[in-house]
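Proteins get letters first, then strands, A, B, ... in listed order; numbering begins at 1 in each.
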2 protein chains.
Amino acid sequence: MKLSTRGRYSTRFMIELALYYNKGPILLKEICKSQQISLKYLSQLVIPLKIAGLIKTSRGAHGGYFLARPPEEIKLSEIITAVEGSLNPVECIDNPEICERSDNCVTKAIWAEVGKKCLETLSFYTLKKMIELQKEMSGK
Amino acid sequence: MKLSTRGRYSTRFMIELALYYNKGPILLKEICKSQQISLKYLSQLVIPLKIAGLIKTSRGAHGGYFLARPPEEIKLSEIITAVEGSLNPVECIDNPEICERSDNCVTKAIWAEVGKKCLETLSFYTLKKMIELQKEMSGK
DNA sequence: AACAAATATATAAAAAAAATATATTAGTAA
DNA sequence: TTACTAATATATTTTTTTTATATATTTGTT
């Protein structure tokens, strides 16, 4: 039940983009430095984020990455599921065919409830909320 | 954010023990067969379950495994944390020292909330409840 | 005393996660 | 239009974790 670096790094990346929202594209290279993530690794994580429609890019000189939508419209749940897939703790919820007992399985129902709770929690937080929270915390 | 086989197998194992509660010890060998889990692998999972005080054993002829407490007093959360460790999705919640930014980290606070929700959900379900649910489902 | 089964430890195999390297494509601005 | 910069795509390697197996030992029962 642990989050992998894919989810963790992507979240930090997206927060960084949110901080610079509407200030032009940012280079991956810069985010790598400030967040101490390998450039090559981050450039892999960025692909599913783009496919999910969370970020946009502009190429060429003065290019870079930026949010596809304002920070208040991007949920943490979208970021995590984009790079890690479903939040359900077991495969059979999303792919019932992989387990024959799937139909009347108690544990499956419970795991599904857990997955739903996770999704709800992460859906509550948008990038904007997270930045505001951050300010509150460091302001203290 | 996936559960490993450790958690899944252990849960099935514990449900099996609950079904035979108060009917004497059960052999690991039998549970392996009915649940289709490797004997050697299961005998590893059984160790943390015993350390956590969830099961007891009797050795020698006619020995085997049985629940340390009645099914209504054993929570699913206890089973999972015994074999998988903390439900928190990131290490830094349980071991703040591994990350220097741990003190004022927004995401940490959010991951902690997720972990708490998981714990709450799994704490709600006892082995007894799960068996009852099972009956309802298959009875239909 | 012989047997049956739990316990412990070590090791191996397989799978997944994390990271790196290389080559290609595309857009910008001079 | 050319040179540059950076995104994109693909392949490969390394590392870590998970899963599984094997062997030896201890303990208790009949």
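Listed nucleotides C:dT28, C:dA6, D:dT8 differ in distance to A:A61; the shortest reach to its side chain belongs to C:dT28. You'll find that the side chain of A:H62 is closest to C:dA29, out of C:dA29, D:dA20, C:dT20. Side-chain proximity of B:S38 to the nucleotides D:dT8, D:dT21, C:dA6 is greatest for D:dT21.
OP1 or OP2 of D:dT18 has not a single side-chain nitrogen or oxygen of B:Y41 nearer than 4.0 Å. Contact annotation: B:T57 side-chain N/O to C:dA6 OP1/OP2 distance is not under 4.0 Å.
Between A:G63 and A:K40, the residue anchored closer to the 5' end of DNA chain D is A:G63, taking for each the nucleotide with the nearest heavy atom.
One can find a donor-acceptor pair under 3.5 Å joining the base of C:dT20 and the side-chain atoms of A:Q44.
The residue A:L39 sits apart from the nucleic acid: no heavy atom pair falls under 4.0 Å.
Between A:L45 and A:F13, the closest side-chain pair of non-hydrogen atoms is not below 4.5 Å.
In this structure, B:I26 places its CD1 atom 11 Å from P of C:dA6, rounding to the nearest Å. One interatomic measurement links the two molecules: NZ of B:K50 to P of D:dT27, which rounds to 11 Å at whole-angstrom precision.
Enclosure of atom NZ in A:K116 is not indicated, since only 12 or fewer non-hydrogen atoms of other residues, nucleotides or ligands lie within 6.0 angstrom.
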